[in-house]
Amino acid sequence: MDLFDANREEILRRSAPLADRMRPRTLEEYIGQEHIIGEGRLLRRAIQIDQLSSVIFYGPPGTGKTTLARIIANTTKANFISINAVLAGVKEIREAIDAAHKSLSHYQKRTLLFVDEVHRFNKSQQDALLPHVENGTLTLIGATTENPYFEVNKALVSRSRIFQLNVLTIDDLKAVAMQALSDKERGYGERNVVIDGDALNHLVDTANGDARGVLNALELSVETTAPDDNGVIRITRDIAEESIQQRAILYDRDGDAHYDTISAFIKSMRGSDPDAALYWMAKMVYAGEDPRFIFRRMLIFACEDIGMADPNALTVVVNSARAFDYVGMPEGRFHLSYACIYCATAAKSNSTMAFFDALNTVAKSASDDVPNHLRDASRDQKGFGHGKGYLYPHAYRDHWVAQQYLPDHLKGQTFYQPGDIGYERHVKERIERYRKSTEKP
């Protein structure tokens with residue numbers, strides 16, 4: 001690096017955002033994630049003695065995944081290479097592998113390869129890393145916001161230890177903010193900055209577990225507030241609210257947060273908890289989820305989890321979805337709310353699962369002939385006697401008559417098990433009466 005390069009690096013360092021400047025450089029500066037990096041923990045010990053095996057850091061944005069990798073880079077005596085899966089391709093992977101081979105053969109130094117957003121690598125790119133991770137040429141350090149068990153090559157996952165990072169606690173975020181205010185080299189320790197307690201609480205609460213969010217808002221607050229006559233930069237609640245106005249919501253339509261949130265929504269409705277169901281639906285709407293996706297899941301739910309206990313549920317959801325298409329947002333939220341509350345408070349039955357039992361029976365059964373009396377009489381009655389012996393239910397009292405409808409080898413088989421709740425209770429009484437009558441010799 002020449003003089004000009006060094007000067008450019010210094011300018012970039014000084015002009016970098018506060019969140020980047022304040023990245024911890026050592027384990028002692030690192031805040032949070034005590035469950036994996038606390039004193040005596042395996043990961044901390046491995047970093048301290050520079051004996052790290054392949055790892056994947058998994059967790060939400062702003063929880064310290066990349067920071068941990070940088071701390072490892074500052075600590076290790078191994079060759080350290082960093083690439084971003086969004087920007088890198090096979091060429092960059094090959095260059096990293098070549099550098100690792102040279103480091104090992106020429107200097108007997110192992111290589112740590114940090115791959116940020118490792119889930120962005122496609123299968124071929126991940127496969128290209130596998131043999132070199134397996135033979136020890138590379139030690140992989142991956143970082144991902146997505147569940148590695150779903151998004152990362154299973155072979156890579158099996159050769160790596162997964163460490164899950166959690167959203168930072170309120171105390172962690174307050175410590176991050178105060179660290180930035182007191183640091184004289186990288187933060188605002190040289191300035192006379194005073195932050196009111198309710199202002200700090202607002203920044204921390206609205207950041208929602210994201211250290212980067214707190215530091216970005218803090219930087220905006222400080223840099224846009226003029227000192228008073230005594231040279232004090234006072235951050236009030238009003239200033240904090242202007243700096244970070246909307247709570248950060250972790251929600252990616254293609255990621256874990258999306259699937260976890262919709263799962264919580266469905267399970268809350270299934271558990272007949274309208275408050276929780278409304279909360280999870282509100283989180284999705286707040287984060288920009290397509291309401292039609294939410295209606296689609298409620299349409300499924302109305303038949304899967306409510307079913308015959310309340311046949312009106314499907315009608316309510318269908319009509320709410322149609323009304324939403326007419327009305328649109330924001331008034332369409334009433335129709336989302338109406339359908340959600342109805343589904344959550346409706347009587348529940350999963351008896352429609354009977355169809356899948358029937359499917360399973362069909363898959364395991366030999367090809368069955370339709371009983372002769374059930375066959376189409378309009379074509380083959382004269383030649384083959386199809387339909388002969390069929391009893392027309394409407395010709396009998398209550399429009400029902402005992403008659404076999406299943407193939408002979410399945411006679412007496414039941415798939416539908418009606419529940420005892422809601423409308424289905426009445427269905428159960430009638431169906432059981434019919435079944436008993438059919439079973440009589």
Full working for side-chain contact (heavy atoms from CB on, under 4.5 Å) between E34 and E39: CA-CA 8 Å; E34 290 294 319; E39 287 292 340; over 6 Å; no
Step-by-step ring pair (Phe, Tyr, Trp, His ring centres under 6.0 Å) determination, F324 to F295: CA-CA 9 Å; F324 177 87; F295 272 122; 5.6 Å; yes
Trace of the side-chain contact (heavy atoms from CB on, under 4.5 Å) decision for V193 with I235: CA-CA 8 Å; V193 180; I235 309 302; 4.2 Å; yes
Stepwise salt bridge (charged side-chain N to carboxylate O under 4.0 Å, His left out) test for E117 and R120: CA-CA 6 Å; E117 300 188 77; R120 301 285 188 181; 3.6 Å; yes
Step-by-step side-chain contact (heavy atoms from CB on, under 4.5 Å) determination, L113 to I141: CA-CA 6 Å; L113 174 64; I141 304 174; over 6 Å; no
Worked check of salt bridge (charged side-chain N to carboxylate O under 4.0 Å, His left out) between D183 and R186: CA-CA 6 Å; D183 192 298; R186 300 172 295 159; 3.3 Å; yes
D20 vs R70, salt bridge (charged side-chain N to carboxylate O under 4.0 Å, His left out): CA-CA, chis, key distance, verdict: CA-CA 11 Å; D20 190 65; R70 291 193 179 188; 3.6 Å; yes
R425 and E429: CA distance, side-chain angles, deciding distance, salt bridge (charged side-chain N to carboxylate O under 4.0 Å, His left out) verdict: CA-CA 6 Å; R425 179 175 65 251; E429 293 171 358; 5.0 Å; no
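Annotation for P291 and L336: closest pair CB-CD1, 4.0 Å, computed over non-hydrogen atoms. The two atoms that bring L168 and G62 nearest to each other are CD1-O, 4.0 Å, heavy atoms only. V133 and S54 get closest at one heavy-atom pair: CG1-OG, 3.6 Å.
Remark: side-chain polar atoms of R21 are paired, donor with acceptor, to backbone N or O of A16 under 3.5 angstrom. Of the possible donor and acceptor atoms, one in the side chain of Y30 sits under 3.5 Å from a partner among the backbone N and O of G64. Looking at S182, its side chain does come within 3.5 Å of a backbone N or O of M178 through a donor-acceptor pair. In this structure a side-chain-to-backbone donor-acceptor pair under 3.5 Å is missing from S160 to V157. In this structure a side-chain-to-backbone donor-acceptor pair under 3.5 Å is present from N135 to P131. Although no hydrogens or angles enter the test, the distance criterion places no donor-acceptor pair under 3.5 Å between the side chain of S103 and the main chain of A99. Judged by distance alone, with hydrogens and angles left aside, the side-chain atoms of D310 form no donor-acceptor pair with the main-chain N or O of A347 at under 3.5 Å. Listed for the E289 side chain is no donor-acceptor partner under 3.5 Å among the backbone atoms of Y286. Of the possible polar contacts, one joining the K65 side chain to the P60 backbone as a donor-acceptor pair under 3.5 Å is found. When atom types are taken as modelled, the side chain of Q126 and the backbone of F121 share a donor-acceptor pair closer than 3.5 angstrom.
Using a 4.5 Å cut-off on side-chain heavy atoms (C-beta onward), R270 and F301 make contact. With a 4.5 Å cut-off on side-chain heavy atoms, H119 and P148 do not count as touching. Annotation: side chain of F57 is not in contact with side chain of Q164 (no heavy-atom distance under 4.5 Å). Looking at heavy atoms from C-beta onward, E304 lies out of side-chain contact with N350 at the 4.5 angstrom threshold. Taking the side chain as every heavy atom from C-beta outward, I341 and L278 approach each other to under 4.5 Å. Residues I262 and R297 have side chains in contact (heavy-atom distance under 4.5 Å, counting atoms from C-beta outward). Looking at L104 and K109, their side chains never come closer than 4.5 Å, going by heavy atoms from C-beta outward. Looking at heavy atoms from C-beta onward, R110 lies out of side-chain contact with K77 at the 4.5 angstrom threshold.
With I36 as reference, L165 is the one residue of V55, L42, L165 to meet the side-chain contact (heavy atoms from CB on, under 4.5 Å) rule. When each of T139, T111, D50 is paired with T76, the side-chain hydrogen bond (donor to acceptor under 3.5 Å, both in side chains) condition holds for D50 and for no other.
Relative orientation of the F114 and F80 rings is parallel, given thresholds of 30° and 60° on the angle between their planes.
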